[in-house]
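The next block holds one structure in the form of structure tokens; read it before the comments.
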Amino acid sequence: MNGVRRLRLGAAFVLLLYLTLHFTNHALGLISLDAMSAGRWWFLALWRSAVGSLALYGAITVHGLLALWLLYDRRSLRMPAWEAAQYALGLALPALLVAHVVGTRIAWWRFGADDTYPRIVLVLWMLAPELGARQALTLVLAWLHACIGVHYWLRFRPWYPRAAPWLFAVALLLPTSALLGFVTAGREVSALARTPGWTDSMMRAAHAPGPAEAAQLLAIRRGFLDAYLIALVGIVVARGVRRLLERRRSVRITYPGGRVVSAPAGFTILDASRLAGIPHASVCGGRGRCSTCRVRIASGREHLPAPSEAERRVLARVGAAPDVRLACQTRPANPISVEPLLAPSVAPAEAFATDVRQGREQELAVLFADLRGFTRMAENKLPYDVVFVLNRYFEAVGTAITRSGGVTNQFTGDGVMALFGIDSGPAAGSRQALAAARAMVDAVSALSAELAADLGTSLRIGIGIHTGPAVVGRMGWGESFYLTAVGDTVHVAARLEQATKDYAAELVVSEASAHHAALDLSGFPAHTLTVRNRAGQVPVRVIDRVAALPTT
């Protein structure tokens with residue numbers, strides 16, 4: 001199946017290139033009709049050569065037949081709106097395009113009629129403007145179909161969010177320029193048509209089809225439409241027959257909460273979810289390109305077929321546990337119990353995120369921070385004022401954390417937790433955490449000065465930093481999933497933040513963090529802290545003022 005999809009993707013690229021060059025050629029009409037004709041020479045030199053014709057019509061055949069096959073192959077027609085739109089446009093385009101293809105390429109091939117821009121524009125702009133309107137609509141729909149496919153294919157790439165605005169600009173400007181070029185050419189042809197004898201002379205030079213030839217072209221078009229309609233009806237009938245046969249043997253799939261779905265044999269787990277109307281994440285539309293539909297197999301795993309090589313690669317990429325499978329690729333033949341691992345509204349950025357239930361153990365730096373005395377300060381404030389101050393505070397410290405390379409993890413009350421070194425390791429993470437501490441103190445001081453007239457007292461912050469092993473993963477329930485860390489390192493970092501109250505200091509940092517950051521803190525007071533429910537003590541350094549820290 002993955003080979004089939006790759007073949008269809010390759011065919012789609014050829015068609016996208018053809019459409020892009022075709023639109024570019026139309027856009028030359030903004031210059032002149034002669035410019036369009038000059039561009040057409042190069043366009044036809046590519047696409048009416050032996051290689052170009054083979055590539056183009058091979059792509060049309062492959063893309064069309066595989067689209068019909070995939071329509072038959074999918075078990076459920078329940079799908080996201082974007083996927084339904086792409087399918088609907090794709091199925092409608094052959095019927096919309098056939099008149100134009102027959103009137104240009106087929107007419108040239110069968111009868112030697114030259115589909116010059118003056119002839120085509122004359123027909124679509126003056127002789128049959130209703131055909132021109134339909135052709136303009138068809139080109140827009142074809143472009144929309146292509147853009148939907150490109151967007152949902154590229155959105156997993158890390159660079160795509162940055163490139164998306166530029167690609168959107170191109171996607172908007174190219175068809176707009178093409179349509180404006182057609183309008184400009186139409187006006188130019190209208191002026192030329194008023195010249196006595198121009199129309200007849202141009203039609204003779206282009207070898208325009210006569211009545212008999214036009215009748216044959218109409219028969220070809222009707223034959224294609226009849227064959228296409230028969231193919232669509234055949235797929236619907238074949239799907240119905242298969243459904244009847246599959247209903248003779250159903251598979252029970254149990255979801256969290258005890259909900260049981262009886263799905264026909266041959267359905268994937270994702271098909272079963274869609275059939276029963278159970279929300280199930282699937283960023284790529286069930287094509288096996290991402291991992292958002294993955295599920296944990298609670299029971300019945302031993303009866304499942306082994307994952308394909310493509311599925312194994314995707315699961316390995318997210319570090320999935322042995323009991324995790326892709327719902328869109330797994331077709332159970334015996335009863336199973338499953339638990340979807342991502343919220344149904346998961347974003348494309350989560351397509352290859354680390355397995356949310358399993359997580360992974362790694363060394364990183366954890367920072368906890370808390371405003372000092374804010375509860376007493378808030379006692380005499382209106383609730384709206386408290387929310388305003390807290391949001392400004394969270395904005396200040398959150399910006400400091402992210403600019404230093406950290407991940408803001410939790411905002412609780414007037415406290416914040418942040419993680420550093422998830423991707424860069426404990427050494428870089430420790431340096432980033434210390435840099436964030438400096439930036440946070442500076443940001444809070446600036447905020448305090450700005451709000452001094454309203455606060456009545458200065459804002460002060462206490463920060464604790466510790467580095468060590470923790471389990472990192474996306475945890476939560478329902479739609480409330482977020483990246484977090486759990487373990488002894490998190491517990492110790494929280495204790496160090498609390499210790500800043502005891503020492504009346506801005507920062508308490510563990511010796512482990514200082515060691516990883518290669519920072520000499522021998523000039524600061526050394527202490528050992530006892531952490532509740534933890535054996536042994538934690539050696540720390542107490543930093544009265546973060547500004548006194550040496551640079552890393």
Student check: side-chain heavy atoms of I148 and L89 closer than 4.5 Å: yes

Donor-acceptor under 3.5 Å (D73 side chain, L70 main chain): no

Approximate separation, where rounding is to 0.5 Å, of T20 OG1 and L174 CG: 6.0 Å

Under 3.5 Å donor-acceptor, Y228 side chain and L91 backbone: yes

side-chain contact (heavy atoms from CB on, under 4.5 Å) partner of W125, chosen from I120, L131, V183: V183

Six-ring centre of W108, R48 cation under 6.0 angstrom, axis tolerance 45°: yes

Full working for ring-ring contact (aromatic ring centres under 6.0 Å, His included) between H151 and F168: CA-CA 9 Å; H151 170 70; F168 176 76; over 10 Å; no

CA sep, side-chain torsions, deciding dist, call: Y160, W153, ring-ring contact (aromatic ring centres under 6.0 Å, His included): CA-CA 10 Å; Y160 182 63; W153 176 64; 9.6 Å; no

Separation between CE of M36 and OG1 of T184, rounded to the nearest 0.5 Å: 9.0 Å

Enclosure of F394 CZ (heavy-atom neighbours >12, cutoff 6.0 Å): yes

From L97 atom CG to L139 atom CG, the distance as rounded to the nearest 0.5 Å: 7.0 Å

Expected output: side-chain R239 to main-chain L71 donor-acceptor under 3.5 Å: yes

Pairwise side-chain contact, P332 with H303, heavy-atom cut-off 4.5 Å (strictly under): no

From R274 atom CZ to C293 atom SG, the distance as rounded to the nearest 0.5 Å: 9.0 Å

Flag side-chain contact, heavy atom, 4.5 Å: L192 against L33: yes

Step-by-step side chain to side chain donor-acceptor pair (under 3.5 Å) determination, R119 to T116: CA-CA 5 Å; R119 175 193 154 212; T116 62; over 6 Å; no

Worked check of salt bridge (charged side-chain N to carboxylate O under 4.0 Å, His left out) between D114 and R40: CA-CA 12 Å; D114 195 2; R40 174 180 173 274; 2.6 Å; yes

Worked verdict on R296 versus V338 for side chain to side chain contact (heavy atoms under 4.5 Å, CB included): CA-CA 6 Å; R296 185 177 68 85; V338 302; over 6 Å; no

Y255 vs I269 side-chain heavy atoms within contact, under 4.5 Å: yes

Any T138 side-chain heavy atom under 4.5 Å of H100 side chain: no

Expected output: side-chain T402 to main-chain T399 donor-acceptor under 3.5 Å: yes

Sub-4.5 Å side-chain heavy-atom contact between L326 and S291: yes

Smallest separation among heavy atoms of V261 and A272, with atom names: CG1-O, 3.9 Å

Under 3.5 Å donor-acceptor, Q362 side chain and I422 backbone: yes

CG-CG distance between L270 and L275, expressed to the nearest 0.5 angstrom: 11.0 Å

Heavy-atom side-chain proximity of T268 to T330 below 4.5 angstrom: no

Whether over 12 other heavy atoms sit under 6.0 Å from W159 CH2: yes

Test side chain to side chain contact (heavy atoms under 4.5 Å, CB included) applied to L21 and N25, step by step: CA-CA 6 Å; L21 295 178; N25 202 168; over 6 Å; no

S53 side chain to W47 backbone, donor-acceptor under 3.5 Å: yes

Geometric cation-pi criterion R187 and F182, 6.0 Å radius, 45° cone: no

Check against side chain to side chain contact (heavy atoms under 4.5 Å, CB included), H26 and S177: CA-CA 8 Å; H26 286 2; S177 300; over 6 Å; no

Chi angles and distances behind the side chain to side chain contact (heavy atoms under 4.5 Å, CB included) call for I401, F420: CA-CA 9 Å; I401 289 167; F420 297 85; 3.9 Å; yes

Enclosure of R105 CZ (heavy-atom neighbours >12, cutoff 6.0 Å): yes

Distance-minimising heavy-atom pair for P209 and L217: CG-CD1, 4.0 Å

Side-chain donor or acceptor of R242 paired with backbone N/O of Y72 under 3.5 Å: yes

Nearest-0.5 Å distance, NE2 of residue H63 to CG of residue L16: 10.0 Å

Nearest atoms (heavy-atom pairs only) where G52 meets S49: N-OG, 3.0 Å

Heavy-atom check, side chain of S37 versus side chain of S32, under 4.5 Å: no

Whether W143 side chain and A171 backbone form a donor-acceptor pair below 3.5 Å: yes

Trace of the ring-ring contact (aromatic ring centres under 6.0 Å, His included) decision for H22 with F43: CA-CA 8 Å; H22 202 30; F43 181 80; 5.2 Å; yes

Shortest non-hydrogen separation from H280 to P340 and the atoms involved: CE1-CG, 4.1 Å

Heavy-atom pair with the smallest gap, counting every atom of A436 and S404: CA-OG, 3.3 Å

Taking every non-hydrogen atom, the tightest pair across M126 and P129: O-CD, 3.5 Å

